[in-house]
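In this text the structure is predicted, and so the values were computed from the model without any measurement. Just so you know, ligand 1 is whichever comes first in the structure, and atom 1 is the first atom listed for that ligand.
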Amino acid sequence: MPYTYDDQNIFAKILRGEIPNTTVLETEHTLAFRDLYPQAPVHVLVIPKGAYVCYDHFARDASDAEIVDFNRTIGRIVEMESLQEGGYRTISNAGQAGVQEVPHLHVHILGGRPLGRMLAPADGT
Ligand code: DGP
């Protein structure tokens, strides 16, 4: 399946420095920053710097270096935000069923409070 990347999406603008962000960690291939609308005391978004729409796009087309850097950054954020002991959740929404709002791959790291069960009852939103 071809992936069409919209370079006007909000995270592309953040990567170009056109929109401010609260950076938690930046590496060669990855940026981690605080979600503007946090749903937990810790809510960090981790994005690759490359133009990938979603997780399967990244898994298929990213270089090994990008994939390693992205995953290690997620691990480092968990450590930096002291989430290991209390636990946390990573989520990556994709496409329509996943209700992905921003079409640039991002992993949400959520923690700092009990997060409930993984999925709310489906109501189509
Ligand atoms: P998703 O539904 O998985 O595509 O989540 C997109 C997230 O992006 C959502 O939790 C809110 C966040 N977000 C939207 N606009 C901005 C922004 O301009 N800055 C930051 N830091 N986060 C944003």
Report, as yes or no, whether the 6.0 Å neighbourhood of atom OH on Y5 holds more than 12 heavy atoms from other residues, nucleotides or ligands.
yes

Side-chain donor-acceptor contact under 3.5 Å, D69 with H29:
no

Could you tell me whether the side chains of Y52 and E66 share a donor-acceptor contact shorter than 3.5 Å?
yes

Partners passing side chain to side chain donor-acceptor pair (under 3.5 Å) against R113 (at least two apart in sequence or in another chain)
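Checked R113 against side chain to side chain donor-acceptor pair (under 3.5 Å); zero matches.
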
Treating Ile, Leu, Val, Met, Phe, Trp and Tyr as nodes and any side-chain heavy-atom pair under 4.5 angstrom as an edge, say whether I67 and L105 lie in one connected cluster.
yes

Using a threshold of 4.0 angstrom between heavy atoms of the protein and any atom of ligand 1, which residues qualify?
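Residue list for ligand 1: I10, F11, I14, F33, R34, D35, L36, Y37, L45, N93, V99, Q100, E101, V102, H106, H108.
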
Roughly how far, to the nearest 0.5 Å, is CE of M118 from CZ of R89?
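So the gap between those two atoms works out to 7.5 Å.
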
